[in-house]
There are 2 protein chains.
Amino acid sequence: MTGSETRWLDADQQQNWRAFIVGSTLLMDTLDRELRQAHGVSMAEYEILVRLSESPDRTLRMAEIADSMQHSRSRVTHTVSRMEKAGLIRREAASGDKRGVDAVMTPEGWALLEAAAHTHVTGVREHFVDVAPRADFDAMGRVMNAVSDQLLAANPCFEDIR
Amino acid sequence: MTGSETRWLDADQQQNWRAFIVGSTLLMDTLDRELRQAHGVSMAEYEILVRLSESPDRTLRMAEIADSMQHSRSRVTHTVSRMEKAGLIRREAASGDKRGVDAVMTPEGWALLEAAAHTHVTGVREHFVDVAPRADFDAMGRVMNAVSDQLLAANPCFEDIR
DNA sequence: GTCTCAGAGTTGAAAGTTCAACTAATCAGA
DNA sequence: TCTGATTAGTTGAACTTTCAACTCTGAGAC
């Protein structure tokens, strides 16, 4: 990873990279704030609800949540604990593997998601999807997929590092 | 912001958006970890050093740092305090405005930056710039610039919210 | 001059994240 | 079937970020 001469970025690359950092923090912070103010959930919590809502029985193993969001297991434990306290999720022993824990979405969680989804999608459109031409947006998607592929390929067991 | 019917994202938009979330957290976490392991600084700290290195006298007002990074003033205060304790930055009373504080890069800070820059740029290339065709990368840059523009225009005094 | 308001930065506590150590269950192999 | 290595998840402490309250300086009105 750290070899020989440094190949510096040219001016364009530099600018694009900085645009990415600033734009993405601005975007994420805004969406997070909108969700918190309107519904009292963070974006991470919202994302967990989305994933649960898409799963059979609105249920997911802790590890599945962690892997799909690229969060550490510890982080998911803490987040789910808070959400459980708030009544949005219930923990159950996983059937089969006695080490495992299932996170199950409660009716309250579902209700919250239904309300929050509108806020979130509106924000994503207004601040992201609708501010650029479709072709550029697709290109951005290809870049970010390539980023994920590269990083996951380079680190087959990415969890170990976290 | 929250009006009438929800215009949901279509499948492509959904995928691109999720690619963005996962890819960017993966990318930022990786670059942050690389910097921490090799040089003991976070990416936020590194970015502050970069900005100082580009300023006349390697000096910047606290507020300038905060604004250019889209961080809250409080966050910059805390981060700079840690960096000052580590000897990378020195605080000085700003000339002219007695309310102001200048953050000045120390020789130790400069030395660290020189060492860390190689690691960082190599990582940015390997995990980001070089994983996608230039045209896609440029399109990504346009999208992120549009995001920033939209958000900054919508919130003339963005700091007030933070 | 002084009163009020705005701006720059700090502070400390609360909330969230990371890190390393831990328990308990499963698996693979002798 | 016993043993050692893995895997799932949790825990608590350290660290980072956020939030609201605060101090001090500067500026404009009168």
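Proteins come first, then strands; the chains are lettered A, B, ... in the order of their sequence lines, and each starts at number 1.
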For this session: Provide, to the nearest angstrom, the distance between the CG atom belonging to A:Asp102 and the C1' atom belonging to D:dT10.
Result: 16 Å
Exercise. Quick one: is A:Arg91 getting a side-chain N or O under 4.0 Å of the D:dT10 phosphate, OP1 or OP2?
Worked result: yes
For this session: Please confirm whether the backbone N or O of A:Val50 pairs with a side-chain atom of A:Ser53, one donor and one acceptor, at under 3.5 Å?
Result: yes
Problem set entry | Residue A:Arg99, side-chain heavy atoms: nucleotide from D:dT10, D:dA8, C:dT10 that is nearest | D:dA8
Exercise. Tell me: CG of B:Asp32 to P of D:dT16, nearest whole Å?
Worked result: 10 Å
For this session: May I ask you to verify whether the side chain of B:Arg75 and the base of D:dT17 hold a donor-acceptor pair under 3.5 Å?
Result: no
Problem set entry | Rounded distance in Å - CE (B:Met83) to C1' (D:dT16) | 14 Å
Exercise. Got a donor-acceptor contact below 3.5 angstrom from the B:Asp97 side chain to the B:Arg99 backbone?
Worked result: yes
For this session: Fit a plane to each ring of B:Phe137 and B:Phe128, take the angle between them on a 0 to 90° scale, and name the class: parallel (under 30°), tilted (30 to 60°) or perpendicular (over 60°).
Result: perpendicular
Problem set entry | Atom-pair distance (CE on A:Met62; P on C:dT23), nearest Å | 20 Å
For this session: Check each of B:Met105, B:Glu114, B:Arg58 against B:Leu49 using the side-chain contact (heavy atoms from CB on, under 4.5 Å) test, and report the only one that passes.
Result: B:Met105
For this session: Write down the distance between CZ (A:Arg33) and C1' (C:dG16), rounded to a whole number of angstrom.
Result: 17 Å
For this session: Report the nucleotide, chosen from D:dT17, D:dG26, D:dT16, that has the shortest atom-to-atom distance to any side-chain atom of B:Thr79.
Result: D:dT17
For this session: Identify, between A:Arg36 and B:Arg82, the residue whose nearest nucleotide on DNA chain D lies closer to the 5' end.
Result: B:Arg82
Exercise. Please give, in whole Å, the distance from D:dG9 P to A:Glu84 CD?
Worked result: 14 Å
Problem set entry | Heavy-atom side-chain contact between B:Gln150 and A:Glu126 under 4.5 Å | yes
Exercise. B:Asp97 side chain: which of D:dG26, C:dT18, C:dG16 is closest?
Worked result: D:dG26
Exercise. Has the side chain of B:His78 got a donor or acceptor atom sitting under 3.5 Å from an opposite partner on the base of D:dT18?
Worked result: yes
Exercise. Nearest-Å distance, CG (B:Asp67) to C1' (C:dA8)?
Worked result: 11 Å
Exercise. Quick one: A:Lys85 NZ to C:dA15 C1', roughly how many Å, whole number?
Worked result: 12 Å
Problem set entry | Donor/acceptor link under 3.5 angstrom from A:Ser74 side chain onto base of D:dT11 | yes
Problem set entry | Shortest side-chain distance from A:Lys98, nucleotide among C:dT18, D:dA8, C:dT26 | C:dT26
